[in-house]
**Q** 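Quick one: this structure, given as structure tokens, is what I'll be asking you about.
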2 protein chains.
Amino acid sequence: MVFLRQGMQHVRSYYNSEAQMIRGGFPQPFISRTNKTSFLKPRSKAEIKVVAAKKHSEAEKRRRMRINGQYETLRAILPNLIKHGEIDFVMNQQKDKASVLAETIKQVKELKKKVSKLEQDSYGNSSKDVVKFPSGADRLNLEKCNNEEGLVKATLSCEDSLGLMSAISRAVGSVKTKVVKAEIVSVGGRTRSVLWVQGLGTDGMGMLKSSLKIAMHKPAFKMRHSTQ
Amino acid sequence: MVFLRQGMQHVRSYYNSEAQMIRGGFPQPFISRTNKTSFLKPRSKAEIKVVAAKKHSEAEKRRRMRINGQYETLRAILPNLIKHGEIDFVMNQQKDKASVLAETIKQVKELKKKVSKLEQDSYGNSSKDVVKFPSGADRLNLEKCNNEEGLVKATLSCEDSLGLMSAISRAVGSVKTKVVKAEIVSVGGRTRSVLWVQGLGTDGMGMLKSSLKIAMHKPAFKMRHSTQ
DNA sequence: CGAAACACGTGACTC
DNA sequence: TGAGTCACGTGTTTC
């Protein structure tokens, strides 16, 4: 019921042309001397004008239809923009153009934000997971994982040795906890381990730290491409 | 130079009103008897009509401006839609409305696709990374990482023991390779280790596998909350 | 010159 | 009624 707007519009346009013809005449200044014999061509100047107007009008109509078609697809693409039932007979809650554009802008912004966030997460995970090489200097750091209850992340870099893993295992076992997950990178005779330790008390952190410190620096025979 | 289109448009509208007044008269059929004394109000019917037309025209202008403002922000939001320099003096390659809408539709589709893909990836990573508990049965599997040259991923599940790490280290060292990365999950007396081994020949894979098998099944005292 | 794009005012329609 | 929205034809500008 909404798209039956067109119709009876040519009446006004006809009047417009009429008024213009009555009022105007032929404003071209220097070609006017050629219209002395207006019977050579069946088109008079007025006819040329009206046919040009028709062309113009039709072209404009095509342009409008093109734009409105884009609006339609936009309405179809985005949610919250159209709620028409099976048949758009009744219950077609068409949003007006400005709202369509506004909603589009909103959704585009949200989508962009979402994409950047997801991409960052993806990259973050990658760069966090893939490889972090051991630092040259010995390091030991413990921190609580705030997004996980009772989870502590212990990061340590030191010289690699054959007994290191056992030493670390004993250190962790000494505080009655469990290593939920571990990441170990070994390169160039040095190693970097990240341990996620579950179920550690507040005072346990200090104990674990000192135990790990001892384990790290316990002298053991070096392991560089050791063959056994 | 583009937005100076308006101007001299009121001329046509004036003519239109004029033509309409000449042609029309006052088409209201039953209120016409009240206009016998048209001096009570300084507004005549024609004046009412023209002021209403003005209101209407201005409202329509506001609507147009609103829509065009949305177009502007849309142009600003999306890439590839505007390429104007510092000043939009010259070199303002404004895309027309239909193209703006078309480009918008395209970008929205791409963004949606991107979001769904990224979300899928994110979930995939999560479920792959976070926790894979050790399986109840002993398992040992080696596979080449096709996206990385010379990288082999060894997955093993077995009983946890204190000497297991050392045994695994020796097994890896026996084939003259390095563990680039390791993930270790230990729960309920069982452990699951994933080792990424770099620099392994084709025949080395079989050797590593048998070595790891021996290391896995070497009997050692159990480790369940062991205290040093 | 046309063709294309836009702003404009106006009639019709809806709520 | 009256405000809001739309389609339409037209004038103008740009290429």
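Within every chain, numbering begins at 1; the chains are lettered A, B, ... in the order of the sequence lines, protein sequences first and strands thereafter.
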**Q** Tell me: CD1 of I48(B) to C1' of dT1(D), nearest whole Å?
**A**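 Taking atom C1' of dT1(D) as the reference, CD1 of I48(B) is at 13 Å.
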**Q** Please determine, for the side chain of E60(A), which listed nucleotide (dA7(C), dC6(D), dT5(D)) has the closest atom?
**A**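 Looking only at heavy atoms from C-beta outward on E60(A), the closest nucleotide is dA7(C).
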**Q** Output the rounded distance in Å from NZ (K95(A)) to P (dG4(D)).
**A** 16 Å
**Q** Return the value, rounded to whole Å, for the distance between atom CZ of R75(A) and atom C1' of dC6(D).
**A**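 Whole-Å distance recorded here is 11 Å.
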**Q** Can you tell if the side chain of Q70(B) reaches within under 4.5 Å of the side chain of I105(A), non-hydrogen atoms only?
**A**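 Touching, per the 4.5 Å side-chain cut-off.
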**Q** Name the nucleic acid region contacted by K97(B), choosing base, sugar-phosphate or nothing; use a 4.0 angstrom heavy-atom cut-off, strictly under.
**A**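 Sugar-phosphate only.
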**Q** Could you give the NZ-to-C1' distance, from K61(B) to dC6(D), as a whole number of Å?
**A** 19 Å
**Q** Restricting to side chain to side chain donor-acceptor pair (under 3.5 Å), what partner residues turn up for N141(B), sequence neighbours left out?
**A** none
**Q** I want to verify a distance call: between dT5(D), dC6(C), dG4(D), whose nearest atom is closest to the D96(B) side chain?
**A**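 The answer is dC6(C), which lies nearest to the side chain.
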**Q** Can you tell me how far P of dA7(C) sits from CZ of R62(B), to the nearest Å?
**A** 17 Å
**Q** Check this one for me: any side-chain N or O of N68(A) less than 4.0 Å away from OP1 or OP2 of dA7(D)?
**A** yes
**Q** Rounding to an integer number of Å, can you tell me how far R63(A) CZ sits from dT10(D) C1'?
**A** 13 Å
**Q** Rounded to the nearest angstrom, tell me the gap between atom CD in E58(B) and atom P in dG2(D).
**A**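 The distance from CD of E58(B) to P of dG2(D) comes to 16 Å, rounded to the nearest Å.
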**Q** Is there side-chain contact between L151(A) and V197(A), with heavy atoms separated by less than 4.5 Å?
**A**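 L151(A) does not reach V197(A) side chain to side chain.
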**Q** Counting N and O atoms only, with roles assigned by atom type, does the side chain of K112(B) sit under 3.5 Å from a partner on the main chain of I77(A), one being a donor and the other an acceptor?
**A**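 Confirmed, K112(B) side chain pairs with I77(A) backbone.
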**Q** Any sub-3.5 Å donor-acceptor pair from T104(B)'s side-chain atoms to V100(B)'s backbone N or O?
**A** yes
**Q** Figure out the CD1/P separation between I67(B) and dG4(D), and round it to whole Å.
**A**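 For the pair I67(B) CD1 and dG4(D) P, the rounded distance is 14 Å.
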**Q** Mapping K55(B) and R64(A) onto DNA chain D by nearest heavy atom, which one lands closer to the 5' end?
**A**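 Whichever sits nearer the 5' end wins; that is K55(B).
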**Q** Going by modelled atom types, is there a donor-acceptor pair between the base of dG9(D) and the side chain of H56(A) at under 3.5 Å?
**A** no
